[in-house]
Amino acid sequence: MKLANTKTDNAFDYAFLSKRIFPYIRPLIPRMAIAFILAIPLGLLDGATAFALKPYIDVVVNGNPLNVRGFELTRDLLAALIPWLIVGFAIVQGLLKYINAYLTDWLSNTISNSIKLDLFKKLTTLDSKFFDENSSGLVLGRFLGDPDTASRSVIDAIKTLITCATGAMGLIAVLLYNSWKLAFVGVIILCVAFLPVALIRKKIKQVSNDAMVLGGGINTNFNETYHGNKIMTGYSLQNDLNKKFQSQIRKSFCLSMSLTKRVGWMSPIMYLIASIGVAFVMLFGNHLIISGEMTTGSFASFITSLLLLYKPVKDLGRTLTGLQGVFVAMSRVFELFDLVPDIHNKPDCIELKGINQGIEFENVCFEYEENNPVLYDINFKVEKGKMVALVGNSGGGKSTIVNLLPRFYDIKSGSIKIDGVDIRNFSLETLRSNISEVFQDNFLFSGTIKENILMGKPDATEAEIDAVIKGAHLDEFLHTLEHGIDSTIGERGTTLSGGQRQRVAIARAMIKDAPIIILDEATSALDNKSEAIVQKALENLMKGKTVFVIAHRLSTIKNADTIMVINDGKLAESGTHEELLKIENGQYKNLYEMQFKTVKV
């Protein structure tokens, strides 16, 4: 699946989204209930000040007596009591806000982290084709950015909705208490002001999705600039990369402004409608005061409540609008969970317990893209304990052949068999546990040298570690490091030389002790001195194994049991070094003579 082609079809299927996210919410329901319950008084307290204005103006300012169930509240008592009550309400509201904010962040981060953990597990199950089709920046954005947007924002949004809704209801109650006639008019006006929110919903979907996709492209640009910094500097690519980034930023700006155009007009329209409503209420309120149906204190309390009501209604509209982006992100997250890798275990798969006879490629055809063949009818056998070397022009299909053995990709037709059993019948775990790879550019993880070696066998003993250190000739440079095998290496092993990295990779493969070894241009990027040391380590690694070697330097594979020439996706020639040199005008002979002449000159 190409992540850039995501459609977010379920972005507004709220039942679907609720069902998918519920497993992450279920364990947190008690704390979530507390957070949401606290949001109710938090909203209701907004009306406390407005409610207090009626007795304050009627009794304290105008001097009208107030009886509550036979108890007379005097001017002096209310003048002293009401200000402190307002302060008390503010203190309680402040404490509730703090507790509620803490709970909200705790819940949001917990849900986000749970989703990220499951997404990372999903990422580790995806096959090579997925990583070929999607840039690193897009993967980072989708697997790390979207969960934050989806989970963190949704809890805060629900809390805000509850706070705003209860705050609005509390203020509406104050409105009704003061005058049901004016309240009816005011609520009608606010409902009209709220209508634009319903109209903007679907217009946000495409803009939000495009912005997220573009964000992935920006991440990719940063990632490539970081890892390709030497190429950037050496080829003076700074201007080109700056122009590319400038273009991305411009597109991001345009998308942001497009979203602003779609959302920004709501606030002034809502404000205009609300202002018209307030003006109409003031005109009608004057009539009610003159006619004696309403006191000045009630009117002041009513107007204050109506003005305060505008904020929760506005926040409610803004939150509902923001939720559209949250739902888009949530839909994108669950699209990732629904990815199905092309390469997976059969329901009745069996275990591969070593190799007894050999490996056979039968009429193997393969294509990375549909209708664009890369390999054509590849046929050969490799007996157990033998070494086969693949040579030929670049792009001929050598690496593709060895990548098919551990099922990094699956063939289009034909079969690959180990001991007569199609490798697709073996579980991926046991198939790959029987294969070790050493590539031209081996990836080392950040951490220590020892941690990288133990990735081949996490439960290896100290004796086994010492053995592979000697076998991979690591001891020749480990003593020069301050912490030896426990030395920390940089990202991708950048603190080590090319030869040192190769030897760590060989030690990792050696400690795995798999019966099948794949060496893909393992020494081609090294100088003569490093190559000689690494070649010794490789010889130790290959002892007693069934080995596939891809080599550019033909001198390193002269002793292979079988040498196969792969050109243009076809097996052109096959035989021993001596046999292939006897073929008149043979492709291997031409390659060998070209290299020999180059070396001789």
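None of these values were measured; they are calculated from a predicted model. Residue indices begin at 1 and follow the sequence shown.
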Taking all atoms of both residues into account, what is the closest heavy-atom pair of [X] and [Y], and its distance?
X	Y	answer
I511	I453	CG2-O, 3.4 Å
S487	G484	OG-O, 2.8 Å
R508	N452	CD-O, 3.1 Å
P27	P23	CD-O, 3.4 Å
I115	F337	O-CZ, 4.0 Å

Side chain to side chain, [X] and [Y], heavy atoms closer than 4.5 Å:
X	Y	result
I449	D486	no
D118	Y24	yes
K251	C254	no
I465	L454	yes
M32	I111	yes
L144	V139	no
R20	D338	yes

Who are the side chain to side chain contact (heavy atoms under 4.5 Å, CB included) partners of [X], not counting sequence neighbours?
X	value
S427	N345, C349, E429, T430
L95	I91
D148	S112, K116, R152

Distance check, rounded to the nearest 0.5 Å: [X] atom [atom1] versus [Y] atom [atom2]?
X	Y	atom1	atom2	value
L336	R142	CG	CZ	4.5 Å
I25	L28	CD1	CG	8.0 Å
F445	I489	CZ	CD1	10.5 Å
I29	F22	CD1	CZ	4.0 Å
Y98	L38	OH	CG	13.0 Å
D105	T110	CG	OG1	10.0 Å

Could you tell me whether a side-chain N or O of [X] sits under 3.5 Å from a main-chain N or O of [Y], the two making a donor and an acceptor?
X	Y	result
N100	A35	yes
R501	L496	yes
D127	I343	yes
D146	R332	no

Between E462 and K450, is there a side-chain N and carboxylate O pair less than 4.0 Å apart? yes
Residue pair L123, L126: steps toward the side-chain contact (heavy atoms from CB on, under 4.5 Å) verdict: CA-CA 5 Å; L123 184 65; L126 298 175; 4.2 Å; yes
Does the pair F245 and Q248 meet the rule for a side-chain contact (heavy atoms from CB on, under 4.5 Å), with working shown? CA-CA 5 Å; F245 185 68; Q248 290 174 324; 3.8 Å; yes
Run the side-chain contact (heavy atoms from CB on, under 4.5 Å) check on T448 and E451 step by step: do they pass? CA-CA 5 Å; T448 66; E451 288 170 344; 3.1 Å; yes
Take I21 and F334 through the test side-chain contact (heavy atoms from CB on, under 4.5 Å) and record every step on the way to the result. CA-CA 9 Å; I21 202 170; F334 295 124; 3.9 Å; yes
Look at atom NZ of K122 and say whether more than 12 heavy atoms of other residues, nucleotides or ligands are closer to it than 6.0 Å.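 It does: K122 NZ has more than 12 such atoms within range.
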Atom CZ of F120: over 12 foreign heavy atoms under 6.0 Å: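 Atom CZ in F120 is not crowded, with 12 or fewer foreign heavy atoms closer than 6.0 Å.
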